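Report on the following structure.
Values in this document were obtained by computation on a predicted structure and should not be read as measured data.
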Amino acid sequence: MPGEIASDLRARLVADPLADLLGITVESVEVGQVTASMPVTAAHLNAAGAAHGGATMALIDVVHAVVSNSHGVLAVAQDVHTEFVTAAQQGEVLECEGREAHRSRRTAVYRIDVRVRTDEGEPPGRLVATALARVFRTDRPWLPDPSGS
């Protein structure tokens with residue numbers, strides 16, 4: 001299912017001021033599949049000294065927005081159910097992957113996992129959070145119709 005998307009659509013989807021503020025980098029964008037990362041800094045910590053759930057949720061939300069709009073049609077979030085499994089710590093890098101699980105004309109569902117990044121060639125890092133996210137798909141295209149109609 002994954003495939004390339006137009007560079008102008010990719011540029012629009014990854015232009016997210018909150019992502020910039022939090023240090024989130026969208027690393028890979030294909031139709032129906034997105035990966036992003038976020039280093040856990042002191043600014044991302046809660047009062048207990050672990051990665052704040054809100055920062056982790058922001059990473060999930062950025063991935064959800066990009067992956068659900070990767071078909072080029074405006075999709076808006078309806079629901080995100082997140083399970084926090086473990087806490088990330090300062091100095092770790094969170095890696096988030098979103099994959100399309102189901103898409104119809106009007107709705108779509110995505111599985112989004114957040115893990116601690118490991119070195120290349122190593123097994124996947126520990127799971128921090130997992131989410132099931134649903135969107136409503138509108139009829140509005142992200143980019144103008146090149147034919148002008």
*Would you mind reporting whether V26 and V34 have side-chain heavy atoms less than 4.5 Å apart?*
yes
*asked:* For a 4.5 angstrom cut-off between non-hydrogen side-chain atoms, does E27 reach E95?
replied: yes
_L13: which residues meet the side-chain contact (heavy atoms from CB on, under 4.5 Å) condition with it, sequence neighbours left out?_
I5, L9, V66, N69, W142
*Give a yes or no on whether L45 and M38 share a hydrophobic cluster (residues Ile, Leu, Val, Met, Phe, Trp, Tyr; joining criterion: side-chain heavy atoms under 4.5 Å apart).*
yes
*V93: hydrophobic cluster co-members (side-chain, 4.5 Å)*: none
_Suppose we screen for side chain to side chain donor-acceptor pair (under 3.5 Å). Which residues come up paired with R10, at least two apart in sequence or across chains?_
none
_Results of side-chain contact (heavy atoms from CB on, under 4.5 Å) for S28 - residues two or more places apart only_ = E30, T35
*Side chains of M57 and H52: does their closest heavy-atom pair fall under 4.5 Å?*
no
*Under the 4.5 Å side-chain heavy-atom rule for ILVMFWY, direct or indirect, which residues accompany V73?*
none
*asked:* Can you give me the closest heavy-atom contact between A65 and S68, atom names plus distance?
replied: O-OG, 3.4 Å
_side-chain contact (heavy atoms from CB on, under 4.5 Å) assessment of L143 paired with R12_ = CA-CA 9 Å; L143 302 174; R12 292 214 35 209; 4.2 Å; yes
*Are the side chains of I24 and D16 in touch, meaning some heavy atoms are under 4.5 Å apart?*
no
*Any side-chain heavy atom of V63 sitting closer than 4.5 Å to one from Y110?*
no
_For Q78, all residues meeting side chain to side chain donor-acceptor pair (under 3.5 Å), sequence neighbours excluded_ = R134
*Taking the side chain as every heavy atom from C-beta outward, state whether V135 and T107 have any pair of such atoms under 4.5 Å apart.*
no
*asked:* Holding to side chain to side chain donor-acceptor pair (under 3.5 Å), I want the full list of residues that pass it with H81, two or more places apart in sequence or in another chain.
replied: E83
*For the student: nearest non-hydrogen atoms of G32 and S70, plus distance*: N-OG, 2.9 Å
*Are side-chain heavy atoms of L22 and L59 found at a separation under 4.5 Å?*
no
*Partner set under side chain to side chain donor-acceptor pair (under 3.5 Å) for T41, not counting sequence neighbours*: H44
*Check C96 against V114 and note the closest heavy-atom contact, atom names and distance.*
SG-CG2, 3.8 Å
Please tabulate, for side-chain N and O atoms in residues 123-133, each donor-acceptor pair with protein atoms closer than 3.5 Å (sequence neighbours left out).
from	atom 1	to	atom 2	distance (Å)
R126	NH1	E92	OE2	3.0
R126	NH2	A87	O	3.1
R126	NH2	E92	OE1	2.9
R126	NH2	E92	OE2	3.2
T130	OG1	R111	NE	2.9
T130	OG1	R111	NH2	3.3
T130	OG1	D113	OD1	2.5

*Apply salt bridge (Lys or Arg N to Asp or Glu O under 4.0 Å) to E100 and R137, showing your working.*
CA-CA 13 Å; E100 191 170 89; R137 302 179 75 236; over 6 Å; no
*Is any side-chain heavy atom of H71 less than 4.5 Å from a side-chain heavy atom of V31?*
yes
*Excluding sequence neighbours, so at least two apart, what forms side-chain contact (heavy atoms from CB on, under 4.5 Å) with R140?*
L74, T138
*What residues form a side-chain contact (heavy atoms from CB on, under 4.5 Å) with S7, not counting sequence neighbours?*
none
